[in-house]
4 protein chains.
Amino acid sequence: MKTKEEYIDSLRALKPELYIFGEQIKNVVDHPIIRPSIDCVAATYEWAERQEYSEIMTATSHLTGEKINRFCHIHQSTDDLVKKSKMGRGLGAYTGSCFQRCVGMDALNALSITTYNIDQKYQTEYYQRFLKYLKYIQDEDLVCCGAMTDAKGDRSLRPADQPDPDQYLHVVEEKKDGIIVRGNKLHQTGAVNSHEIICMPTRAMREEDRDYAVSFALPSDAKGIIYVYGRQSCDTRKTEAGEMDTGNILYSGQECMVIFDDVFVPRERVFMCGEYEFTADFVEKFAAYHRHSYACKSGIGDVLIGASQLVAEYQGISRASHIRDRITEMIQLNETMMCGSLACAYEGRQEASGTYFVNTLLANVSKLNVTRFPYEIARIAQEIAGGSLVTLPSEEDLKNPKIGKFVSKYLKGVEGVKVEDRMRVLRLIENITMGTGAVCYLTESMHGAGSPQAQKIMITRESNPERMKNAAKRLCGISS
Amino acid sequence: MKTKEEYIDSLRALKPELYIFGEQIKNVVDHPIIRPSIDCVAATYEWAERQEYSEIMTATSHLTGEKINRFCHIHQSTDDLVKKSKMGRGLGAYTGSCFQRCVGMDALNALSITTYNIDQKYQTEYYQRFLKYLKYIQDEDLVCCGAMTDAKGDRSLRPADQPDPDQYLHVVEEKKDGIIVRGNKLHQTGAVNSHEIICMPTRAMREEDRDYAVSFALPSDAKGIIYVYGRQSCDTRKTEAGEMDTGNILYSGQECMVIFDDVFVPRERVFMCGEYEFTADFVEKFAAYHRHSYACKSGIGDVLIGASQLVAEYQGISRASHIRDRITEMIQLNETMMCGSLACAYEGRQEASGTYFVNTLLANVSKLNVTRFPYEIARIAQEIAGGSLVTLPSEEDLKNPKIGKFVSKYLKGVEGVKVEDRMRVLRLIENITMGTGAVCYLTESMHGAGSPQAQKIMITRESNPERMKNAAKRLCGISS
Amino acid sequence: MKTKEEYIDSLRALKPELYIFGEQIKNVVDHPIIRPSIDCVAATYEWAERQEYSEIMTATSHLTGEKINRFCHIHQSTDDLVKKSKMGRGLGAYTGSCFQRCVGMDALNALSITTYNIDQKYQTEYYQRFLKYLKYIQDEDLVCCGAMTDAKGDRSLRPADQPDPDQYLHVVEEKKDGIIVRGNKLHQTGAVNSHEIICMPTRAMREEDRDYAVSFALPSDAKGIIYVYGRQSCDTRKTEAGEMDTGNILYSGQECMVIFDDVFVPRERVFMCGEYEFTADFVEKFAAYHRHSYACKSGIGDVLIGASQLVAEYQGISRASHIRDRITEMIQLNETMMCGSLACAYEGRQEASGTYFVNTLLANVSKLNVTRFPYEIARIAQEIAGGSLVTLPSEEDLKNPKIGKFVSKYLKGVEGVKVEDRMRVLRLIENITMGTGAVCYLTESMHGAGSPQAQKIMITRESNPERMKNAAKRLCGISS
Amino acid sequence: MKTKEEYIDSLRALKPELYIFGEQIKNVVDHPIIRPSIDCVAATYEWAERQEYSEIMTATSHLTGEKINRFCHIHQSTDDLVKKSKMGRGLGAYTGSCFQRCVGMDALNALSITTYNIDQKYQTEYYQRFLKYLKYIQDEDLVCCGAMTDAKGDRSLRPADQPDPDQYLHVVEEKKDGIIVRGNKLHQTGAVNSHEIICMPTRAMREEDRDYAVSFALPSDAKGIIYVYGRQSCDTRKTEAGEMDTGNILYSGQECMVIFDDVFVPRERVFMCGEYEFTADFVEKFAAYHRHSYACKSGIGDVLIGASQLVAEYQGISRASHIRDRITEMIQLNETMMCGSLACAYEGRQEASGTYFVNTLLANVSKLNVTRFPYEIARIAQEIAGGSLVTLPSEEDLKNPKIGKFVSKYLKGVEGVKVEDRMRVLRLIENITMGTGAVCYLTESMHGAGSPQAQKIMITRESNPERMKNAAKRLCGISS
C-alpha cells in the first residue's frame with residue numbers, strides 16, 4: 001500500500017488537462033484551492049497506515065491474499081460492508097469533508113457483479129478483464145474516480161433521441177484494439193485527484209441506445225480528457241494569506257466537469273460495450289452501493305455536533321436546557337442516518353459473482369434520510385452558533401495592531417477561552433453550513449448518488465405492497 | 001412448546017382477581033373485550049408452531065439445549081438480537097396490534113445480566129435462582145408480564161420521600177421464607193394474559209430507597225394481586241353484534257393497573273432485594289432491551305401502509321402521483337424505524353453473564369424515532385383514507401334491508417370492489433389511527449419503554465462529546 | 001334571534017328520516033349519541049345571546065338592518081370576515097368540538113356571489129330568489145347544512161361519464177314548478193341538526209354535466225331525504241351510564257350521509273340549474289370561505305393546550321423545561337394556524353355582488369397548515385399526558401367500592417389534586433386525540449373543505465410565478 | 001425625500017472609521033464588497049420615488065404633515081403596520097437581500113413609546129427630544145442604524161457583574177452637556193451605510209445596572225466610533241473580474257461590529273439615561289416591532305421560489321409532479337410566514353403615545369416560524385437546482401475560448417435556454433442558500449431580532465394559559 005506521501009507524489013507524475021477560473025493549471029498538486037482536496041484523499045492512505053484503524057481501513061484481497069486498502073477491495077462478506085460504513089464515518093469525522101475515494105470503490109464493486117453477469121449470458125470476457133484491472137488497482141493502491149452522471153441535455157429525451165448525440169457519453173467509433181468515446185461526465189468527485197477514471201452508464205438504456213451502454217476505465221490523464229474545476233462556496237478563501245477564515249484549515253472536497261473529447265480506450269479496459277439490457281441493473285447496483293457510502297455524513301455530523309458543543313461551551317450556554325435539547329436532536333438525526341447505513345450493510349447478501357451487495361431498500365431509505373437530516377443538523381448548528389457566525393471580523397482584523405485589541409476584547413466570551421479559538425470554531429461551523437464544507441455536507445447529501453426522487457422510485461420498487469396489503473386484508477376480514 | 005390452543009387453555013386454569021368497568025370478571029378468557037388480546041398473545045405460540053417462521057420464532061435454550069419459543073430465550077448472539085427485531089416486525093404485521101409478550105422477554109434478559117452482576121459483588125445466589133426460574137419458564141413455555149412503571153405519586157419526590165410510601169412498590173416485611181410487597185404497577189401490558197408477572201424497580205434508587213430496590217416473579221394469580229382493566233378507545237365495539245366496525249376483527253392489546261395488596265413472594269423468586277446500587281443499571285438494561293423491541297411498530301406500519309394502499313386502490317386514486325408519494329413517505333418512515341432496531345441489534349455485545357445486549361445509544365435513538373414516526377404515518381394514512389374514515393355508516397346500516405342498498409350504492413367506489421371491503425379497510429385504518437389499535441400504535445409508541453425525554457437523557461449520556469469536540473478542534477486548528 | 005332553547009325546540013318540530021346503527025330514529029333530539037352534537041350547535045345560539053360575545057356573534061343584516069346571528073350574515077366588510085375568524089376560534093374553545101354551523105354560512109355567502117354573477121350574464125333571477133331565501137333564514141335564525149361532497153363513484157370519471165348517473169347529485173326531471181333531484185351527499189356536518197340543507201355542485205362541470213350543475217335549498221325533513229348517521233370513534237361512550245369517560249362531557253360533532261331519493265325542489269328554492277360554467281367559481285368561492293372557517297381548530301387547540309397544561313400541573317411536571325418547551329410548541333403551531341385565518345380575512349376584498357370574500361391564496365395556505373398542525377399538537381398532547389391516557393381504568397372502576405380506593409390511591413399524583421379531575425382531563429385529551437373529538441380535530445382538519453391536494457392545486461393556481469421569476473431574473477442578470 | 005443618488009452622495013460626506021480585512025477604508029462608497037450593500041439601502045429610496053410603490057413606501061408625517069419615506073415614519077394606524085409588512089416583502093423581493101433600513105425604523109417607533117412613558121413617570125423631556133430628533137430624521141430622510149446587541153461577555157452574568165464592565169455599552173462619565181459612553185454593539189446591520197446610529201439597551205436592567213440603561217443617537221461618523229466589517233460567505237466574489245458568480249449581481253447585506261471608544265453624546269440626543277425599569281419594556285417593544293419586520297424574508301422567498309421555478313424550466317423538469325409539489329411547498333411555507341407578519345400588524349393596537357404597536361404574541365409566533373421555514377425553503381431550492389449548484393465551472397471558464405465551448409455544449413439543458421442564463425440562476429440560488437445571501441436569508445432569520453429561544457420565552461409569557469385551562473376544565477367537568 002502507498003503511504004500518504006507516496007500518493008501525493010504519484011499525483012505529480014500525472015499530467016491531466018485541467019482548467020480553473022478559465023486558466024489551465026500545470027501544477028495541480030500545489031494549487032491552493034486544489035491542495036486541501038488532495039490532502040483529504042491522502043487521509044485515506046494515512047489512516048490505512050495507522051495501526052488503530054487497520055481493521056476498518058484495510059482488507060485482504062480475494063485475488064491475491066495481500067493486505068490492501070479497503071477502498072480497493074471487493075466486499076467478501078457483510079462484515080466488509082459494515083466496515084465500509086464505519087470507515088466512511090471515521091474518515092468523515094477525521095476530514096470534516098468529502099474524501100472522494102468511495103465512488104471508485106463503489107464502481108469497482110458494481111463492476112464485479114455486472115461484468116460477471118454479462119459474461120454468464122454472453123460468454124464475454126469482461127469479468128476476466130475486470131479482475132486483471134482490479135489486481136492492478138489493488139497492487140498499485142490507486143484512487144479511482146467513478147464517473148456516472150452525464151450532461152443529459154433535454155431530460156425528457158432518451159440518449160439516442162437527443163438532438164446532440166454527445167449529451168450522453170457514447171462510443172463514436174470501434175477500432176480493432178479499442179473504442180473511441182465522446183461526451184461528458186458532470187459533478188465528478190475528486191476527478192483530478194484520481195489515478196484512474198471508471199465510466200459507467202448513467203441510466204437504463206434501450207436497444208436504440210446501444211452505443212451509450214458503455215463502461216471502461218482510463219488513466220485520469222489519458223489524451224482527450226479535459227477537466228474543468230467546479231466552483232464552491234468560499235473557495236477562494238483558501239488563497240488568502242491567513243488560515244482561520246477557511247474554517248476547515250486542513251481539507252476540502254472537489255468536483256469537476258470531465259470532458260471526453262474523442263478519447264481512445266484500449267479493448268482490455270472496456271467492461272461493457274452495447275449490452276444495454278444490463279445497464280439498469282448496473283446503475284442500480286452502483287447507486288445502492290453509493291447510497292450506502294453516505295455513512296460519511298454521520299462523520300461530518302460528528303464534527304458539526306462537536307463544533308456546536310464547543311461553541312456553546314465557549315459562549316457559556318452549554319448547560320441551558322434548550323441548548324442541550326438541541327445538541328441531543330443533532331445526535332438523534334446523525335445516528336438515525338448511521339443506523340440506515342449499518343442496517344443496509346448488515347442486511348446485505350451475496351451476488352452470483354461472490355461479491356456482497358447491500359440491501360437495496362434500506363440503502364435507499366438511508367440515503368433519502370441523508371437528503372434531509374444534514375440540513376436540519378446544520379440549521380441547529382447555526383441556531384447554537386449565534387449571529388457571530390455571519391458577522392465575525394476577518395482573521396486580519398483580529399491580527400491588526402490597532403483594532404485587534406477591540407476584536408479581542410469584545411468577542412471574549414467565557415473566561416479562559418481564547419478569542420481566536422472561538423473564532424476558529426465559528427468559522428468551522430460556517431464552513432460546514434454555508435462554505436466549502438456545505439458543498440459536501442448539504443448539497444452533495446441531496447444530490448450525490450442520485451437526487452431524492454431517485455431514491456423514492458427505488459423505495460417504491462423495492463417495497464412489497466402485496467405483502468402489506470395481504471396483512472391488512474386478513475386483519476379486517478377481506479377475503480377477495 | 002405449547003400450542004396456541006394449549007396456551008389459551010392454560011389461561012383458563014388461572015384465577016386472577018380482575019375488574020373491568022367496575023365489575024369483577026370470573027371468565028377472563030371469553031370476555032369479548034379481553035379475548036382479542038388473548039388471541040393476540042396466542043399468535044406468538046401459533047407462529048412458533050409454523051415451520052416457515054421457525055428460525056425467527058424459536059431458539060435453542062442455552063440451559064437445556066431444547067428448542068424453545070424465542071420469547072423465553074436469553075440472547076446468545078447478535079444474531080439472536082436481530083431475530084428478535086424480525087420476530088417483532090413479523091408479529092406486528094400479523095396482528096396489527098401489541099402481542100404483549102416482549103416485555104417479559106426483555107425482563108428475563110435484563111435479569112440474566114443484573115442478577116449475575118449482583119452475585120459477582122455480593123456472592124448472593126440471585127443468578128442461580130434466576131436460572132432455575134428461567135428453566136421453568138422455558139420448559140412450560142410461559143408468558144411473563146414485565147412490570148416496571150410505578151404509580152410514582154409526586155414526581156418531584158424520590159421513593160423514600162413520598163408522603164404515601166406505597167407510591168412505589170416496596171418490601172413491607174421480610175419473612176423467613178420470603179417477602180411481603182405492597183404497591184402498584186401502572187400500564188401493565190398483557191398482564192391478565194400472562195402466567196407470570198416479573199417486577200422490577202422503575203428507577204435508580206438511593207440507599208434510603210433500599211426497600212424499593214426489589215425484583216421478583218410471581219404467578220399472575222397470586223393472592224393479593226388485583227387487576228383493573230384499562231379502557232381503550234373504541235373498546236366496547238368488541239361487544240357489539242357485528243364484527244366489521246372493530247376494524248381489526250382478530251386482535252387487540254391490553255393494559256392493566258396491577259395492585260399488590262400485601263403479596264407474599266417466596267424467597268426463591270426474589271431476584272433483587274435491597275441492592276439499590278444495581279437499580280440504575282437494571283433499569284437501563286431493561287429499557288434498552290425494550291426500546292429495541294419496538295420493531296413491532298414497523299410491523300403495524302406494514303399493516304397501515306398496506307391498508308392505505310388498498311383504500312387508494314378501492315377508491316381509484318392509487319396511481320395519482322401525490323398518493324404514490326405519500327405511500328413512499330410512509331415506507332420511508334417505517335423502514336427508518338426498522339433500521340434503528342436492526343442497527344442496535346447488530347451492534348450489540350456480550351455482557352459478563354454471557355447474555356448479548358443491544359447497543360444502548362442506538363436503541364434509544366431508534367425508540368425516539370418511534371415516538372415520532374408512527375404519528376406521521378398515521379396522519380398520512382388518514383390523508384389517503386379520505387373523510388369516509390370518520391363518516392362511514394355502521395355495519396348495521398349496511399345490512400339494513402331498507403337503507404343498506406343506498407349505503408351500497410353510494411359508497412361503491414371503483415368497479416369490482418365490494419362496498420363491504422372498502423368499509424372494512426377504512427375501519428382498519430380507523431382502528432390503528434384512532435381506535436383500539438391507536439393505543440398501541442401511537443400512544444404506546446410514545447410512552448412504552450419510557451417517554452421521549454427518557455430516551456433523550458440516555459442519548460446525551462451515551463454519546464461521546466469529547467470525541468466529537470476533538471474532531472472539530474483538530475480541523476479548525478484549536479490546540480487547547 | 002332564537003334562544004338556545006328555542007333552537008332545540010325547533011328541532012323537535014322536524015321529522016327527518018334518520019337511521020343510526022341500522023335503526024330508524026324518531027326522537028332525534030333526545031338520542032344520547034346525537035344530543036351532544038345538538039347542544040354543540042345550540043352553543044352558537046347561546047353565545048349570540050350573551051352580551052360579551054355580541055360583537056363577534058351578531059351582525060346587522062344588510063337586507064333588513066336587523067341584528068342577526070353572524071352565521072346567517074353575508075359579509076359586508078373585511079371586519080366581518082375577521083369576526084368570523086374570531087367567532088370560529090371562540091366557539092371552538094367553548095365547545096372543544098365542531099359546532100357545525102359554518103358550512104351553511106359559507107354556502108350562503110358563496111351563493112350571494114355566484115347567483116349574482118349568473119344573473120349578470122343570463123338575466124336570470126337567482127339572486128332575487130336567494131335574497132328572499134336569505135331573508136327567511138335570517139328572520140327565523142335557522143341552521144343551514146351546506147352540502148357539497150358527492151359520492152363520486154369512480155373518481156377517474158367525470159359526472160356524466162359515470163356508469164351510475166346518480167353518483168353525483170343531479171336533476172332527473174324538470175317540472176313546471178320545480179325540479180326532481182337524485183343522488184347523495186357524503187360527510188354532511190350537522191345535517192340532522194339543521195333546519196335547511198343547501199346543495200351545491202362538488203366540482204367544476206362541463207357542458208355534458210349540465211344536469212349536475214345544480215344548487216338549491218330544502219327543509220331538512222323534505223320528503224325523500226334520508227339520513228344515515230356516521231359512526232365516530234368512541235361514539236357509544238355517550239350511551240354509557242357515567243359521564244367522565246366521554247372526555248368532553250358536553251358536546252360532540254355530527255356527520256351524516258344524506259340520500260336524495262327523488263326529491264322535489266320548488267322553483268323558488270333553485271339557485272343554479274344548468275349554468276355549468278359557473279360551477280368552478282362557485283366551488284372555489286365556497287371552498288375558500290370554508291377553508292377560512294378552520295379558525296375553529298385554533299379554538300379546539302386552545303382546549304387541548306389548556307388540558308395539556310392542566311395534566312402537566314396535576315402530574316407535577318409543568319415546570320420541567322422540556323414540558324414548557326412542548327407547551328410553547330403547541331401554542332406556536334396553534335397561533336400560526338390562527339394567523340392564516342386572520343390574514344386571509346384581513347386581506348379580503350369586495351365582490352361584484354357587494355359580498356366580501358377572503359384572499360383565496362391565503363385561505364388555502366391556512367387550510368393546508370390545518371391539515372398538518374393539529375396532528376402535531378395532538379402528538380405533543382399525548383407526549384405530555386403520559387401513558388395513563390390509554391391505560392386509565394373506567395369511571396365505574398373509580399366508583400367501585402372495592403377497587404375505587406386503589407384507583408384513587410395509585411392515580412393520586414400531586415397533592416391537592418382530585419384523582420377524578422386528573423382522570424377527567426386525561427379523558428378529554430383522549431377525546432380530542434383519539435376519540436369523538438379527534439374526528440373533528442384531526443380527520444376533519446385533514447379532509448374538511450377539501451383534502452390537502454385540493455389546497456395545493458389552488459395554491460399553485462393562485463400564486464404568481466411570473467412575478468417571482470422576474471424578480472429572480474433581474475437579480476442575476478437574465479434579460480431574456 | 002432624497003433620491004437614490006442623493007442618498008449615495010450623502011454617504012460620501014460621512015467619514016466613518018472603518019476596517020475591513022485589517023485595513024482602514026477611506027472610500028467606503030466605492031469599495032466592491034461594500035457597494036452592493038449601499039445599493040441595497042438605496043433601493044429603499046428608489047422605491048419611494050416610484051409612483052407605483054408610493055402607497056406602501058411613503059407616509060404622511062404626523063409631525064409635519066409632509067410626505068416622508070415610511071422607514072422614517074411613526075406608525076399611526078394598523079394600516080401603517082400592514083403597509084410596513086408589505087413594504088418589507090416588496091423590497092425583499094426587489095433586492096433578494098437585507099435592505100438594512102428596518103432596524104432604524106423599529107428603533108424610532110420603540111423610542112416613540114418608551115420616551116413618552118418615561119416622561120409620564122418622571123416628567124423628563126425625552127419624548128420632546130425624541131420628537132425633535134425624529135423631525136430631523138424625517139426632514140433629511142436619513143438612514144438610522146438601530147443598535148441593540150452588546151458583546152455580553154460571560155452570558156451567565158448581568159451587566160454590572162461582568163469582570164470587564166465594557167461588555168455592555170454604558171455611561172462612563174456624565175458631563176454638563178452630555179455623556180461619554182463606552183462599549184460595543186455586535187452584528188450591526190447596515191451600520192456604515194447609515195447616517196445615524198441609535199443605541200438601545202440589549203436586555204432588562206436592574207438598579208445596579210443603571211449605567212447600562214442608556215439610549216441615544218449619534219451621527220454614524222461621530223468621533224470614537226469604530227467599525228469592523230463582518231465577513232460573509234463568498235464575500236470576495238464581489239471583488240472578482242466577472243459578475244455572474246456573485247449570484248445576486250446587484251445587492252448584498254452588511255453586518256459590522258461597532259466599537260464605542262469613549263464617545264461623547266450631546267444631551268439633546270440622549271433618550272434614556274438610568275431609568276432601568278423601562279428597559280424591559282423598551283427591549284420588548286423594539287423586539288416585537290423587529291420580529292414583525294421579517295416579512296422581508298417572504299420577499300427573498302419569492303426570489304428563491306422564482307429562481308427554483310426558472311431552473312426547473314431551464315432543466316426541463318418543471319412539469320414533473322414531484323417538482324410541482326416541491327414548488328407548492330415552498331410557497332406554502334413562504335406565505336405562512338407572511339400570514340404571521342400580516343396578522344400581527346392587523347391585530348396591532350394604539351399605545352399611550354399614540355404610536356401603533358403590533359400584537360406581541362403573533363409577532364413572536366411569526367418570527368419563530370422565520371427561524372425555521374427559510375431553511376426548509378432553501379433545502380427545497382437545492383433539491384430542485386440539482387448538483388450543478390455546487391459543481392458549476394466559473395464565469396471565466398464559460399468565457400474561455402478553449403473550454404468555453406465545452407461548458408456551453410454540456411450545460412445546455414433545454415432547447416432555447418442560454419447556458420449563461422442557466423448558470424446565472426444557479427448562482428443566484430447558491431447565493432441565497434450558501435453564499436452572501438444566505439447570511440441574511442438563513443442565519444439572520446435565525447438570530448436577527450433575537451434567537452428562537454427569545455421568541456419562545458415571549459410566546460409563553462404572552463399566551464393566556466388560564467383561559468385555555470378554564471376552557472378545558474369546563475368541557476371535562478372539573479369544577480375546582
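Chain A is the first sequence line, chain B the second, and so forth, proteins listed ahead of strands; every chain is numbered from 1.
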Check: In this structure, which one of Asp150(B), Asp166(B), Asp164(B) forms a salt bridge (Lys or Arg N to Asp or Glu O under 4.0 Å) with Arg182(B)?
Finding: Asp166(B)

Among [options], which residue forms the greatest number of heavy-atom pairs with chain B at distances under 4.5 Å?
options                                    : result
Gly448(C), Pro393(C), Gly404(C), Ala438(C) : Pro393(C)
Gly386(C), Gly153(C), Ser451(C)            : Gly386(C)
Glu430(C), Gln167(C), Lys409(C)            : Lys409(C)
Ile20(C), Ile259(C), Leu186(C)             : Ile259(C)
Cys440(C), Ala385(C), Gly242(C), Ser394(C) : Ser394(C)

Check: Is there a side-chain contact between Tyr19(C) and Ile25(C), using heavy atoms and a 4.5 Å cut-off?
Finding: no

Under 3.5 Å donor-acceptor, [X] side chain and [Y] backbone:
X         : Y         : answer
Lys185(C) : Val258(C) : no
Ser97(C)  : Gly253(C) : yes
Glu396(C) : Gly22(B)  : no
Gln100(B) : Ser37(B)  : yes
Glu415(C) : Pro163(B) : no

Segment of [X] engaging chain B (4.5 angstrom heavy-atom cut-off):
X         : result
Arg422(C) : side chain
Val417(C) : neither
Val228(C) : side chain
Glu240(C) : side chain
Gln382(C) : both
Gln188(C) : neither
Leu392(C) : backbone
Ser233(C) : both
Leu398(C) : neither

Closest non-hydrogen atom pair, [X] against [Y]:
X         : Y         : value
Ala449(B) : His290(B) : CB-CD2, 3.4 Å
Thr433(B) : Ala381(B) : CG2-CB, 4.4 Å
Thr371(C) : Ser445(C) : CG2-O, 3.4 Å
Lys367(C) : Met446(C) : NZ-O, 3.4 Å
Thr189(B) : Cys98(B)  : CG2-SG, 3.6 Å
Tyr441(B) : Ile432(B) : CD2-CG2, 3.6 Å

Examine whether an atom of [X] lies under 4.5 Å from a heavy atom of chain C, and if so say whether it belongs to the side chain, the backbone or both; otherwise answer neither.
X         : answer
Gln254(B) : neither
Ser388(B) : both
Tyr229(B) : backbone
Lys399(B) : neither
Thr236(B) : side chain
Asp397(B) : both
Gln162(B) : neither
Arg427(B) : side chain

Check: Is there a donor in the side chain of Lys238(B) and an acceptor in the side chain of Ser252(B), or the other way round, less than 3.5 Å apart?
Finding: yes

Pick from [options]: which one has the most heavy-atom pairs with chain C under 4.5 Å?
options                                    : value
Ile403(B), Asp154(B), Asn400(B), Leu411(B) : Ile403(B)
Lys402(B), Glu395(B), Glu383(B), Lys412(B) : Glu383(B)
Val414(B), Asp235(B), Asp245(B), Leu389(B) : Asp245(B)
Ala241(B), Cys234(B), Ser156(B)            : Cys234(B)
Gln232(B), Lys152(B), Arg237(B)            : Arg237(B)
Asn431(B), Asp261(B), Ile323(B), Leu157(B) : Asp261(B)

Margin query: Please determine whether side-chain contact (heavy atoms from CB on, under 4.5 Å) holds for the pair Val311(C) and Leu426(C), giving the CA-CA distance in whole Å, both sets of side-chain angles, and the decisive distance to 0.1 Å.
Written below: CA-CA 7 Å; Val311(C) 84; Leu426(C) 284 166; 3.6 Å; yes

Next item on the list: For chain B, find its close neighbours in residues 314-321 of chain C: heavy-atom separation under 4.5 Å, sorted by number, or none.
Entry: Gln315(C), Ile317(C)

For [X], is the [atom1] atom crowded, meaning more than 12 foreign heavy atoms sit under 6.0 Å from it?
X         : atom1 : answer
Gln24(B)  : CD    : yes
Arg326(C) : CZ    : yes
Arg379(B) : CZ    : yes

Note to self: Test of understanding: with ring-ring contact (aromatic ring centres under 6.0 Å, His included), list the residues that count as partners of His187(B), not counting sequence neighbours.
What the structure shows: none

Checklist line | side-chain contact (heavy atoms from CB on, under 4.5 Å) assessment of Leu368(C) paired with Ile459(C) | finding: CA-CA 9 Å; Leu368(C) 190 53; Ile459(C) 289 166; 3.7 Å; yes

